[in-house]
Amino acid sequence: MHDLTRRLPASAYRYLNGTLRCEGVALDAIADNLGTPFYCYSAGRLRERYRAFAAALDPLGVKIHFAMKANGNQAVLKLFAAEGAGTDIVSGGELARSLAAGISGDRIIFSGVGKTAAEIDAALASNVHQLNVESFEELRLVDMIAAGRGIVAPVVLRINPDVDAETHAKITTGKRDNKFGIEAALLDRLDNEVKALANLRILGVAAHIGSQIMKPAPLVAAYKRLGEIADELKRRGLPIERIDLGGGFGVPYQNQTELSPASLAAAIAATVAGRGYALAIEPGRTLVADAGVLVAGVTYVKDAGHMRFLVLDAAMNDLIRPAMYDAYHDIVPVREPAPNADLVEYDVVGPICESSDTFAKHLRLPEMAAGDRVVLATAGAYGATMSSTYNARALAPEVLVDGHRFAVIRRRIDVAEQIGWDSVPEWV
Ligand SMILES: *Cc1c(COP(=O)(O)O)cnc(C)c1O
């Protein structure tokens with residue numbers, strides 16, 4: 001039998017007395033209290049991940065900006081802020097969330113291909129550290145808005161380095177025909193256009209080539225390219241002093257080997273470190289993924305004759321990654337199986353009326369029964385932030401565990417509250 005808990009970090013999740021715990025708290029105790037499904041995060045593991053990256057990157061002078069779209073809960077942001085992190089944001093909503101968590105503008109990088117005028121204005125009003133600009137059109141808009149405020153906007157150019165991140169097509173962002181960044185070949189236009197824009201200061205270059213990158217090679221290629229472009233733009237007289245290396249560091253969902261902080265540091269040391277540029281990275285997933293699980297109840301074990309389904313009370317609205325990216329999340333029983341328990345094959349599904357509401361096919365698990373609980377592992381990134389109320393289902397609560405304490409850090413948003421979001425015009 002494979003080790004059922006292999007995808008759960010042992011510093012955070014372990015069986016004790018026959019039941020799975022997050023740190024010092026039994027997941028059953030939280031579930032009895034709160035119901036299922038819910039997200040559970042280990043504060044200890046979040047700190048451990050952050051500190052591992054900080055320890056590897058601090059010596060190279062690399063600043064960490066947590067890409068909060070992976071997990072934007074206020075408690076998670078405050079935890080990372082206390083560790084010294086800034087944020088990488090992609091919307092005005094994330095700007096508001098960062099500021100509300102006490103992360104001031106000078107620790108915020110604003111990325112994104114479609115920033116609206118209102119979002120740019122709000123970012124400038126908050127004195128963000130930099131706007132990562134993705135097109136000449138956006139440069140002109142930022143200049144205009146900065147002029148209106150009578151300020152000079154700190155701008156970094158997001159370059160499309162045309163590097164294949166060798167990851168899933170839907171999360172590849174650094175190829176020429178992806179919508180992201182400014183093509184390096186177009187940078188010649190800067191000479192004519194940008195020098196006329198008086199309310200911008202182009203302080204650096206950035207790239208983010210994709211997500212769930214498992215090998216250093218594409219990162220090394222992108223960093224190298226960024227270094228060359230930074231040097232070249234500096235030669236042309238731009239005040240380039242920053243290089244933003246983006247995020248995208250993969251985590252093992254299944255059997256992959258992870259990209260370690262040490263290999264990331266080696267990629268940076270081999271390319272852009274020690275050349276006088278202020279360096280930043282924007283990790284999202286890798287800081288939060290394995291600290292989090294989605295805890296679900298088994299509603300039915302459905303015997304379909306030729307196969308068996310495990311029907312959970314969690315669904316694609318709670319965790320959409322399997323439906324959206326064919327992603328895999330390991331599934332682990334909360335009740336510890338006997339060491340020699342026979343394994344049975346299940347398709348693990350949610351209750352939603354779409355065949356894509358499937359978490360795993362042909363998964364071998366110990367015999368399960370209705371009323372049992374399972375965790376979907378590695379769910380701390382792009383889980384809760386991508387959840388929805390599809391099928392008029394509740395938004396699942398989020399729980400943070402720290403040692404022997406736990407707290408609900410987002411309550412369940414149930415249908416009664418959701419009905420209140422609607423309004424019916426008199427003439428209906
Ligand atoms: C999403 C994103 C990140 C973080 O990606 P991860 O794969 O979660 O590390 C970093 N930078 C930008 C610009 C992004 O859009």
Side-chain angles (χ1 to χ4, degrees), residues 46 49-50 52-53 57 62-72 76-77 80 85-91 93-95 98 108-115 119 123 128-135 138 155-161 163 165-175 178-182 204-216 218-219 222-223 226 242-253 256 258-261 263-264 267-268 279-292 321 324-325 327 378-386:
L46 292 171
R49 276 311 271 174
Y50 184 86
F53 277 83
L57 298 173
V62 184
K63 279 242 161 73
I64 300 176
H65 292 261
F66 171 52
M68 63 171 284
K69 72 178 187 286
N71 190 324
V76 172
L77 294 181
F80 283 135
T87 49
D88 172 71
I89 63 166
V90 291
S91 71
E94 289 192 350
L95 174 65
S98 275
I108 298 174
I109 292 175
F110 193 1
S111 303
V113 72
K115 301 177 201 76
E119 288 175 321
V128 295
H129 182 61
Q130 71 198 38
L131 288 151
N132 286 5
V133 167
E134 303 221 6
S135 63
E138 186 186 345
V155 162
V156 161
L157 300 175
R158 177 166 174 184
I159 310 292
N160 186 324
V163 168
E166 298 173 44
T167 181
H168 191 283
K170 287 186 190 168
I171 49 177
T172 292
T173 56
K175 290 283 289 166
N178 296 137
K179 70 183 175 187
F180 301 95
I182 299 174
V205 291
H208 171 71
I209 59 171
S211 198
Q212 191 50 12
I213 298 165
M214 301 308 291
K215 298 181 228 156
L219 295 172
Y223 297 170
L226 274 181
R242 303 178 184 173
I243 299 182
D244 175 348
L245 303 168
F249 319 117
V251 299
Y253 286 98
Q256 310 97 322
E258 73 178 324
L259 189 87
S260 67
S263 58
L264 175 63
I268 297 171
L279 301 175
I281 58 164
E282 306 165 346
R285 185 190 311 273
T286 192
L287 294 181
V288 289
D290 76 2
R321 299 189 65 260
M324 193 151 132
Y325 309 119
T378 333
Y382 304 104
T385 50
M386 283 189 158

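Numbers here simply count residues along the sequence, with the first being 1. Both ligands and their constituent atoms are indexed starting at 1 by order of listing.
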Close approach, T286 and ligand 1, non-hydrogen under 4.0 angstrom:
no
re atom 14 (C) of ligand 1, the protein heavy-atom contact at minimum distance is K69 NZ, 2.8 Å
Under 4.0 Å from one or more heavy atoms of A67, ligand 1 contributes atoms 3 (C), 4 (C), 10 (C)
Item to check | Heteroatom distance test (G248, ligand 1): nitrogen or oxygen, under 3.5 angstrom | outcome: yes
Taking only non-hydrogen atoms of G284 and a 4.0 Å limit, the atoms of ligand 1 in range are 4 (C), 6 (P), 8 (O), 9 (O)
Less than 4.5 Å apart, side chain to side chain, heavy atoms only: is that true for L95 and E119? no
CD1 of I281 to CG of L57, rounded to nearest 0.5 Å, is 4.5 Å
Counting from 1 in the order shown, the ligand 1 atoms closer than 4.0 Å to a non-hydrogen atom of R285 are 6 (P), 8 (O), 9 (O)
Atoms of ligand 1 under 4.0 Å from any heavy atom of S111, numbered from 1 in the order shown, are 13 (C)
**Asked** Any N or O on S211 sitting closer than 3.5 Å to an N or O of ligand 1?
**Response** yes
Looking at side-chain heavy atoms only, is the closest gap between Q212 and Y325 below 4.5 Å?
no
Honestly, for D88 the part within reach of ligand 1 (heavy atoms, under 4.0 Å) is side chain
Mind checking whether E282 has an N or O less than 3.5 Å away from an N or O of ligand 1? yes
Quick note on ligand 1: atoms under 4.0 Å from a heavy atom of Y382 include exactly 1 (C), 4 (C), 5 (O), 6 (P), 8 (O)
**Asked** Is E258 salt-bridged to R49, going by a charged N under 4.0 Å from an acidic O?
**Response** yes
Partner of H129 under side-chain contact (heavy atoms from CB on, under 4.5 Å), picked from I109, D244, V156, is I109
- Is the shortest side-chain N to carboxylate O distance from K115 to E138 below 4.0 Å? yes
- Message: Between Q130 and N132, does the side chain to side chain donor-acceptor pair (under 3.5 Å) criterion hold? Intermediate values first, please.
- Response: CA-CA 6 Å; Q130 71 198 38; N132 286 5; 2.9 Å; yes
The atoms of ligand 1 lying under 4.0 Å from a heavy atom of R158, numbered in the order shown, are 13 (C)
